[in-house]
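In this chain, residues are counted from 1 in sequence order. Every number for a ligand or one of its atoms is a count from 1 in the order of the listing.
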Amino acid sequence: MTTHLVLFRDDLRVYDHEALHAAVAAARQTGGRVYAAYVLDEESEEVRPLGRAVKWWLHHSLTSHSQALKELGINLVILRGKTLDTVPALASHIGATHLHYSRRYALPERTVDTALKDWAHAHTIEAHSYTGFLLHEPWVVKPASGDFYKVFTPFWKALSAQDFPAPLPAPHPLGEEHLAASVLPESVASNLPGLTTIDGLTLLPTRPDWTVGLKERWTPGETSALKTCRTFVESTVHRYDEGRDRPSQKATSNLSPHLRFGEISPRYVLHALHTAQEPTANTASFASEIGWREFCWHLTFHNPNLHNTEFRSEWQSFPWLTGNQAPQELTAWQKGLTGVPLVDAGMRELWETGHMHNRVRMVVASYLTKNLLINWREGERWFWDTLVDADTASNPCNWQWVAGCGADAAPYFRIFNPLLQGKKFDASALYIKRWVPELVGADARTLHTEHPKGFGFSAPDYPVPLVDLKASRQEALDIYKTSRRDVLSKS
Ligand SMILES: Cc1cc2nc3c(=O)[nH]c(=O)nc-3n(C[C@H](O)[C@H](O)[C@H](O)COP(=O)(O)OP(=O)(O)OC[C@H]3O[C@@H](n4cnc5c(N)ncnc54)[C@H](O)[C@@H]3O)c2cc1C
């Protein structure tokens with residue numbers, strides 16, 4: 001008889017889950033048993049502790065996943081602590097013969113998983129890792145020169161030419177008896193390091209409970225992920241190109257937090273897309289966004305310090321301001337009180353719902369790094385704490401892209417003008433007025449025009465602009481020129 005332990009981390013689903021599928025199939029063949037464990041490991045070296053919005057999501061996602069596994073006849077054990085302390089103890093207690101898990105790609109997590117595999121081998125436990133989080137492993141495509149792609153277009157051309165298998169169904173249930181047998185006996189439970197419950201992880205805020213807006217907007221979990229995907233590919237993707245940049249429209253998929261937690265696999269999403277639709281410009285654009293997610297992980301796999309080091313080394317000496325050097329500006333940005341309507345709308349949407357429309361993310365990031373000259377790391381950290389889709393690849397990559405220091409980045413001199421962006425993508429100011437109630441009575445055209453003293457004439461409660469957009473833009477360009485000259489003279 002074999003005993004299989006499946007580890008879950010950012011892959012909280014039962015559909016298209018290679019590790020779970022393999023474990024159930026093998027257990028069936030030998031009359032063996034399947035155990036499942038989720039490990040919350042924020043303690044291993046260099047692992048980045050989760051942000052607060054992501055923790056809220058995780059609580060609900062685990063609740064849903066635990067129920068889905070129960071329906072398959074598998075009990076989900078919850079562990080907290082260093083993977084290398086908790087998993088070996090559980091594996092030994094249950095007499096695991098096999099360990100199965102989806103691969104992870106950030107360096108601290110890879111280091112942990114490699115050490116776990118070594119431990120398993122040393123204890124004659126077979127360890128198997130699988131693709132579960134990405135379409136393809138980050139090392140599958142390689143440019144003719146160099147180790148990895150630095151530009152998105154050739155990367156996506158090479159990656160999208162690769163085939164991927166059709167998604168797997170959920171495994172057949174193992175039954176009630178198996179479920180009862182996979183619950184840890186009390187004698188084991190009381191001795192197991194790190195053993196806890198979903199509530200015991202204390203992922204939810206208590207006082208104050210700031211998650212009302214998150215609850216209204218989202219339903220975490222695999223069932224909701226599959227439904228969101230189906231609705232999008234069947235009824236929305238046909239207007240993706242036309243609507244995706246307009247924040248007041250519901251034209252994008254809203255799949256990012258579901259993908260972040262692996263409640264749905266990118267293979268499943270693309271398979272559903274191509275099953276529901278003939279290829280069009282809209283389907284290609286949407287697929288290429290999934291491609292951007294892959295690109296961020298490709299870059300992160302090959303550049304493990306991307307979350308704290310500029311990809312382009314010439315930017316490492318750029319004189320960004322720290323949060324301590326510009327505390328009032330940073331706080332005004334975080335609270336949506338900059339006096340720039342589109343920026344404030346985005347920051348308030350983020351605070352309220354744990355999400356922000358992609359176009360607006362670019363605008364607020366450009367405003368922070370270029371008009372306020374504040375270090376992109378401050379923005380990245382705020383997003384890390386407040387986004388429900390924050391992850392260790394997409395967040396830093398996109399911040400570096402907007403700031404100008406990332407791979408394939410927007411040139412520094414491309415400074416988004418938040419008023420022109422508002423005029424182009426939120427002409428009637430529906431999005432602005434949705435999130436900034438002080439501006440409800442203002443004329444939309446007025447909101448897309450610079451008023452040095454703000455909108456006090458029509459919205460007395462709304463703050464005056466923190467900085468003059470034209471002057472701060474010019475200042476940023478001047479600093480950039482000087483900084484480039486310094487770098488060139490030293491090289
Ligand atoms: C400064 C900044 C920070 C960001 N931080 C994150 C983050 O932490 N996590 C995250 O998932 N996305 C991040 N993004 C990318 C993007 O804004 C979101 O993925 C997108 O808004 C999610 O909405 P959606 O699911 O409706 O996207 P759709 O337009 O429906 O796209 C489908 C999927 O493609 C992926 N995707 C789309 N755009 C990007 C992109 N630029 N980079 C990487 N993947 C992408 C997402 O998984 C998304 O769910 C960031 C963008 C910026 C400018």
When you measure from [atom] to every protein heavy atom, which one gives the shortest distance, and what is it?
atom: atom 24 (P) of ligand 1; value: N254 N, 3.6 Å
atom: atom 28 (P) of ligand 1; value: Y240 OH, 3.6 Å
atom: atom 9 (N) of ligand 1; value: D389 O, 2.9 Å
atom: atom 13 (C) of ligand 1; value: R361 NH1, 3.2 Å
atom: atom 30 (O) of ligand 1; value: S253 OG, 2.6 Å

Nearest heavy atom to [atom]: which of [options] does it belong to?
atom: atom 17 (O) of ligand 1; options: V388, I290, N358; answer: N358
atom: atom 22 (C) of ligand 1; options: A365, S256, P257, A251; answer: S256
atom: atom 5 (N) of ligand 1; options: N395, D245, V402; answer: N395

Residues F8, H17; criterion ring-ring contact (aromatic ring centres under 6.0 Å, His included); working and verdict: CA-CA 10 Å; F8 288 95; H17 197 294; 4.9 Å; yes
Within reach of ligand 1, part of F383 (heavy-atom separation under 4.0 Å):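 It is the side chain that gets close, since no backbone atom is under 4.0 Å.
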Is the closest basic N to carboxylate O distance between [X] and [Y] below 4.0 Å?
X: E289; Y: R244; result: yes
X: D245; Y: R359; result: yes
X: E42; Y: R80; result: yes

From CG (N417) to NZ (K423), nearest 0.5 Å: 10.0 Å
Spacing of D113 atom CG and S44 atom OG [to the nearest 0.5 Å]: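 If we round to the nearest 0.5 Å, D113:CG and S44:OG are 9.5 Å apart.
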Proximal atoms of ligand 1 relative to [X] (non-hydrogen, under 4.0 Å):
X: R293; answer: 43 (C), 44 (N), 47 (O)
X: L387; answer: 5 (N), 8 (O)
X: D391; answer: 8 (O)
X: L259; answer: 47 (O), 49 (O)
X: L255; answer: 25 (O), 49 (O)

Quick one: does [X] get within less than 4.0 Å of ligand 1, heavy atoms only?
X: F286; value: yes
X: H355; value: yes
X: M362; value: yes

Does the side chain of [X] pick up a donor-acceptor pair with the side chain of [Y] at under 3.5 Å?
X: S61; Y: E263; value: yes
X: R217; Y: N254; value: yes
X: S102; Y: E18; value: no
X: R103; Y: S129; value: yes

Show every donor-acceptor pair shorter than 3.5 Å between a side-chain atom in residues 145-156 and any protein atom, with sequence neighbours excluded, or say none if there are none.
none

Aromatic ring proximity, centroids under 6.0 angstrom, W218 and H355: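 Between H355 and W218, the centre distance is under 6.0 Å.
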E289 N/O to ligand 1 N/O under 3.5 Å: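 E289 vs ligand 1: N/O contact under 3.5 Å present.
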Nitrogen or oxygen atoms of N398 and ligand 1 under 3.5 Å apart: yes
